2 protein chains.
Amino acid sequence: MATRHNHALPRAAKDLLDGALARHGLRGTRHRELIFGSLLARRDHPTAEEVFVRVKAMAPTISLATVYNCLETLVQCGLVRAVNHERDATRYCPNLSEHAHFHDRRTGRIYDVDLPEDVVERLKELLPEGYEADSLELNFHGRSAVKSKETVGAAAASA
Amino acid sequence: MATRHNHALPRAAKDLLDGALARHGLRGTRHRELIFGSLLARRDHPTAEEVFVRVKAMAPTISLATVYNCLETLVQCGLVRAVNHERDATRYCPNLSEHAHFHDRRTGRIYDVDLPEDVVERLKELLPEGYEADSLELNFHGRSAVKSKETVGAAAASA
DNA sequence: ACAGTAATTAGAATTATTCCAATTACAAGG
DNA sequence: CCTTGTAATTGGAATAATTCTAATTACTGT
């Protein structure tokens with residue numbers, strides 16, 4: 001079996017991407033596809049730099065600025081979430097379902113944690129009169145006892 | 001009434017500060033006191049730069065590096081919380097009670113939102129086996145309808 | 001083929017923060 | 001109250017992530 005490292009987007013993902021871009025009046029370009037694909041291929045919350053090195057394998061002339069541009073575009077289109085932790089570099093996450101993040105203090109790794117819709121609703125009720133949240137962000141900090149060798153491992157995922 | 005702008009720490013706050021510093025084997029210095037005092041005087045989540053200009057009024061020779069140092073010290077001692085929002089400058093918050101933050105997209109202002117202990121406990125139960133969180137961070141994003149002219153205005157506060 | 005707009009590029013610029021090496025301030029012991 | 005060791009402070013240089021800029025290049029629709 002010829003190991004295909006070209007991260008070709010599965011049809012469903014490609015449709016999702018093209019649809020979202022079109023809806024925002026943007027073009028579907030090779031770079032946007034590659035970057036979205038690279039996020040889906042290894043859903044491990046890479047930084048822009050990390051995405052940069054990954055996609056350079058298949059588009060050696062791509063520039064870091066383009067990676068930033070494309071990631072921002074994907075975020076704008078609602079296909080990707082930007083995840084910040086303290087002052088560290090922003091990380092990118094293609095998990096579209098509502099979820100929280102667990103930051104492992106020891107390894108710096110980030111895991112997705114499923115966040116049921118009813119919990120989100122309940123949390124929004126904490127807001128006083130006159131405060132309307134359209135989104136929320138929940139981050140746990142601690143140490144995982146799990147010896148996951150690579151990335152996700154335990155907490156929920158899937159886009 | 002002579003408007004005293006010297007932010008003299010109330011006894012209780014001073015004891016809190018000195019106690020915490022002592023417990024960490026650190027000295028109680030004028031700068032640390034001034035900075036802690038300036039945070040307590042206007043609990044509006046200032047950035048390091050903003051703290052810098054505020055304390056310069058009473059310690060004109062203080063350097064920005066010292067402000068960063070002192071703020072970090074206060075955070076280490078558990079007297080102050082560092083609040084990050086996307087890539088914006090870190091803001092500092094002397095509210096020690098467990099609370100969440102509401103970020104007003106329009107004004108960029110941050111409000112404290114009371115976060116009851118039982119809610120925190122309930123949230124930690126979302127974590128899968130093997131993930132132990134020692135802290136969590138909850139941020140709401142949206143627009144407030146409240147016309148608060150200055151800072152807090154609505155959501156809970158008090159240290 | 002052409003025009004007009006969007007995407008990409010390399011590198012400079014910005015911003016917040018940290019680092020550094022040198023000075024200054026204390027606190028405890030003599 | 002002098003010395004001495006350590007902690008705190010300082011100004012400026014250094015860093016890191018990201019954004020900006022001013023071209024170039026690539027498409028899309030005519």
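The sequence lines fix the lettering, A, B, ..., with proteins before strands; numbering per chain opens at 1. It should be emphasised that the depicted structure is a prediction, and the values quoted were computed from it without experimental measurement.
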Taking the six-membered ring for Trp and the full ring for Phe, Tyr or His, determine whether the centres of Y131(B) and Y111(A) are under 6.0 Å apart.
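So the answer is yes for these two rings.
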
Flag yes if more than 12 heavy atoms outside E98(A) fall under 6.0 Å of its CD atom; otherwise flag no.
yes

Send over the distance from [X] [atom1] to [N] [atom2], rounded to a whole Å.
X: L21(A); N: dA6(C); atom1: CG; atom2: C1'; answer: 12 Å
X: F52(B); N: dG11(D); atom1: CZ; atom2: C1'; answer: 10 Å
X: L34(B); N: dT9(D); atom1: CG; atom2: P; answer: 10 Å
X: Y68(B); N: dG12(D); atom1: OH; atom2: C1'; answer: 15 Å
X: L71(B); N: dA8(D); atom1: CG; atom2: P; answer: 15 Å
X: E72(B); N: dA7(D); atom1: CD; atom2: C1'; answer: 16 Å
X: E33(A); N: dC27(D); atom1: CD; atom2: P; answer: 12 Å
X: N84(B); N: dT18(D); atom1: CG; atom2: P; answer: 13 Å

Tell me which pairs pass ring pair (Phe, Tyr, Trp, His ring centres under 6.0 Å) where either residue lies in residues 29-83 of chain B, with sequence neighbours left out.
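Matches after skipping sequence neighbours: H45(B)-H101(B).
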
Suppose we screen for salt bridge (Lys or Arg N to Asp or Glu O under 4.0 Å). Which residues come up paired with E50(B), at least two apart in sequence or across chains?
R91(B)

Give me the distances for all protein-to-nucleotides 7-12 of chain C N/O pairs that come in under 3.5 Å?
{"unit_1": "dA7(C)", "atom_1": "OP1", "unit_2": "R27(A)", "atom_2": "N", "d": "3.3"}
{"unit_1": "dA7(C)", "atom_1": "OP1", "unit_2": "R32(A)", "atom_2": "NH1", "d": "2.6"}
{"unit_1": "dA7(C)", "atom_1": "OP1", "unit_2": "R32(A)", "atom_2": "NH2", "d": "3.1"}
{"unit_1": "dT8(C)", "atom_1": "OP1", "unit_2": "T29(A)", "atom_2": "OG1", "d": "2.9"}
{"unit_1": "dT8(C)", "atom_1": "OP1", "unit_2": "H31(A)", "atom_2": "ND1", "d": "3.3"}
{"unit_1": "dT9(C)", "atom_1": "OP1", "unit_2": "T61(A)", "atom_2": "O", "d": "3.1"}
{"unit_1": "dT9(C)", "atom_1": "OP2", "unit_2": "S63(A)", "atom_2": "N", "d": "3.1"}
{"unit_1": "dT9(C)", "atom_1": "OP2", "unit_2": "T66(A)", "atom_2": "OG1", "d": "2.3"}

Heavy atoms under 4.0 Å, any strand shown: does T90(A) hit a base, just sugar-phosphate, or nothing?
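Answer is sugar-phosphate: T90(A) comes under 4.0 Å of backbone atoms only.
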
Sub-3.5 Å donor-acceptor pair from the side chain of N139(B) to the main-chain atoms of E137(A), do we have one?
no

Electrostatic pair R43(B):D112(B) at N-O distance under 4.0 angstrom:
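A salt bridge is absent here (no side-chain N lies under 4.0 Å from a carboxylate O).
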
